[in-house]
J.: 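Here you go, one structure.
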Amino acid sequence: MNLLKDPWLPIRRRSGKLEDIVPWQIIDHFETDPVEKINSPRPDFNGALIQFLIALLQTAFPAKDDYEWIRLYENPPTSQILQKAFQQYEYAFNVDGDGPRFMQDFNLPDEELKAIGALLIEEPGANTLRENKDHFIKRGRAEKLGRNSAITALMTLQINAPSGGVGHRTSIRGGGPMTTLLVPDVLHDESKNTLWHMLWLNVLPKKVFEGLCGNPDKTDDISIFPWLGPTRTSDKSGRDTTPEDVHPLQIYWSMPRRIRLEFGESSNGQCPISGKQGPLIHFFATKNYGINYTGPWRHPLSPYHFNKEGLPLPLHPQTDGLGYRHWLGLTLGEKEGVIPAAIVHYHIKSGTRRRVKAQLLVFGYDMDNMKARGWHENHMPLYHLDDQYKDTFIDAVQDVVNATGMVAGNLRGALRDAWFTAKAKVKGDLSFIENSFWQDTESAFYSFLDKLHTTITQGKEGTILCHSWFNTLNQTSLALFDTWAASGSVENEDPKRIAVARRNLLKFNKKKAIRSALRLDIKN
């Protein structure tokens, strides 16, 4: 099986037709029935397959400059042109056979065999199984996988690899990285709702990409596709891999885990993930101390912050999800904090690309070391701003987010006071209150944001809008308080305590600190 010659990629066309295609066929029937999306049954598989196609285009078909990029965005290439571009790399994309295999270790001595389901990130680990703690995600749900599902699971693991025990390396962006992709703003132009337009939005001109990190002089095959030769191991006799050691493209084809699928141990049946009939794979071989990526890597699809030594560290989703409290850092950056993904920054700053209306798709695993706590995914708006308005806009948004955080904390404290006595020891996690507040105000925030952008780019002040947002915060916090205050246990319910907590919530919300955060007249 070869990923650039055989049909395996699950897609959905505009007509609703589902099929498996060869990657270069993403442009087939573009005028009559274009491919609109990847159609995997799992969101993490969808995310991995989209990144696979972006990587393939960046490797085999990058634009020379922004002028060529915009031409191909408006007038996509033919499938024949893509096929010819991809054909030159077919040798690197074999999945089985005795030679090099896609994202699989070149040679595994003294390997350990594991059930194929262990490739799935959410599967319980060895310690969990030994201690019989797989209460919520049960063992054995995917003891066998079809070929397509197995290779996609492998791809997903290499991209997102969490810590996996001694010597089992994390992905080039750490365990469970956050990915931010540009997607067409279909409300602005529905004709751009195709997989091609979505993928092409995330491909950089060749020189721009090579300038992010990595060593462009390292042009040998292994420096791009590490599975084509012996693994650069990271045990005591090995060494780490820095950006200077390999070509920039390896950031898309990284292979931290030493894995080789066992095609000999197979049977026929229905894949528990795809539901398709065919050969099933039972096991994979693995060994620790694979490639250990260290140093100032800058993946073009991830936002970063910097540590005390000035090294870029990729962001990771947390238990609070991916909401508008994160919007500023992911799109425009914070003055002293998060910087957006390179693809987002370039799109906003490029005079040519900024004509294209796009949104942001953000997704990733929330990991606790080896444990997957959840998958987060969200769409966010994107704005172009001239330098003369950028600081004013960023300051205003940061003020709004800070004020919202204060009111969310006030709501949590008020409900705690309504439910429990002052001396009560509360052991439960009350963070769901703040998370719910952020979620309930998200739609209003993006409406506010759109008005704020218009107001500031017209050279006007946003004070009236901030007054409106202040009212939104008050109304939402009171509505949630009234919904939840009487939802505690009946035996502990105290009407007087609830009334006092509600009064204090109103008082807290009008504190000088919150009004000052929104730069409102604190005397009123």
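Note that the structure is a prediction, hence the values are computed from the model and not measured.
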J.: Just checking, is any N or O donor in the side chain of H282 or S267 under 3.5 Å from an acceptor N or O on the other one?
T.: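 Checked: H282/S267 side chains pair up, N/O donor to acceptor below 3.5 Å.
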J.: On a heavy-atom basis, which atom in H347 and which in V356 lie closest, and how many Å separate them?
T.: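 Closest heavy-atom pair between H347 and V356: NE2-O, 3.2 Å.
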J.: Are R298 and Y304 in a cation-pi contact, defined as NZ or CZ under 6.0 Å from the six-membered ring centre and within 45° of the axis?
T.: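 That pair qualifies as a cation-pi contact.
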J.: Please determine whether side chain to side chain donor-acceptor pair (under 3.5 Å) holds for the pair N378 and E442, giving the CA-CA distance in whole Å, both sets of side-chain angles, and the decisive distance to 0.1 Å.
T.: CA-CA 11 Å; N378 202 357; E442 185 165 50; 3.2 Å; yes
J.: Which heavy atom of L201 sits nearest a heavy atom of R353, and at what distance?
T.: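 Scanning both residues completely, I find the closest heavy atoms to be O-NH1, 3.5 Å.
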J.: So which atom in V338 and which in P303 form the shortest heavy-atom distance, rounded to 0.1 Å?
T.: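 Looking at all heavy atoms of both residues, the closest pair is CG1-CB, 4.2 Å.
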J.: Please check this pair: side chain of H453 against backbone of H384, looking for a donor-acceptor N/O pair closer than 3.5 Å.
T.: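 Yes.
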J.: Going through the distances and angles, do K37 and N46 end up as a side chain to side chain contact (heavy atoms under 4.5 Å, CB included)?
T.: CA-CA 9 Å; K37 61 179 66 177; N46 280 333; over 6 Å; no
J.: Looking only at non-hydrogen atoms, find the nearest pair between T286 and R258 and report the distance.
T.: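 Looking at all heavy atoms of both residues, the closest pair is OG1-O, 2.9 Å.
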J.: Between S234 and R169, is the side chain to side chain donor-acceptor pair (under 3.5 Å) condition met? List the steps.
T.: CA-CA 9 Å; S234 55; R169 303 306 184 187; 2.9 Å; yes
J.: Check Y446, Y324, W469 against T441 for a side-chain hydrogen bond (donor to acceptor under 3.5 Å, both in side chains) and give me the one that passes.
T.: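 Of Y446, Y324, W469, side-chain hydrogen bond (donor to acceptor under 3.5 Å, both in side chains) with T441 is met by Y324 alone.
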J.: Below 4.5 Å, heavy atoms only, C-beta onward: do T152 and W8 meet side chain to side chain?
T.: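 Result yes, sub-4.5 Å side-chain heavy-atom pair found.
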J.: Which pair of heavy atoms, one from V166 and one from N288, lies closest together, and at what distance?
T.: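 Of all heavy-atom pairs spanning V166 and N288, the closest is O-ND2, 3.1 Å.
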J.: Passes side chain to side chain donor-acceptor pair (under 3.5 Å), D240 versus Y293? Steps please.
T.: CA-CA 6 Å; D240 293 342; Y293 294 98; over 6 Å; no
J.: Indicate the atoms forming the closest heavy-atom contact of T156 with F45, along with that distance.
T.: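 Minimum heavy-atom separation between T156 and F45: OG1-CD1, 3.5 Å.
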J.: Before we go on, tell me: are the rings of F52 and Y252 under 6.0 Å apart, centre to centre?
T.: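 So the answer is no for these two rings.
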J.: Using the ring of each side chain (for Trp, its six-membered ring), is F363 parallel, tilted or perpendicular to W375, with breaks at 30° and 60°?
T.: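 Ring orientation of F363 relative to W375: parallel.
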J.: Would K451 and F448 count as a cation-pi pair here, with the cationic atom under 6.0 angstrom from the ring centre and within 45° of the axis?
T.: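 Geometry flag: not set, cation outside 6.0 Å or 45°.
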J.: Dump the intermediate steps for side chain to side chain contact (heavy atoms under 4.5 Å, CB included) on N160 and M367, then the final yes or no.
T.: CA-CA 10 Å; N160 299 285; M367 301 296 303; over 6 Å; no
J.: Check whether any side-chain heavy atom of P23 sits under 4.5 Å from a side-chain heavy atom of L56, and report yes or no.
T.: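 Yes, at least one pair of side-chain atoms sits under 4.5 Å.
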J.: Any idea how W253 and F102 line up, ring-wise: parallel (<30°), tilted (30 to 60°), or perpendicular (>60°)?
T.: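 If you compare the ring of W253 with that of F102, the planes turn out perpendicular.
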J.: Quick one, N435 with D320, criterion side chain to side chain donor-acceptor pair (under 3.5 Å). Give me CA distance, side-chain angles, the key distance, then yes/no.
T.: CA-CA 6 Å; N435 290 338; D320 60 1; over 6 Å; no
J.: Once you measure the plane-to-plane angle for W196 and W200, does it fall in the parallel (<30°), tilted (30-60°) or perpendicular (>60°) bin?
T.: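 It falls in the parallel class, under 30°.
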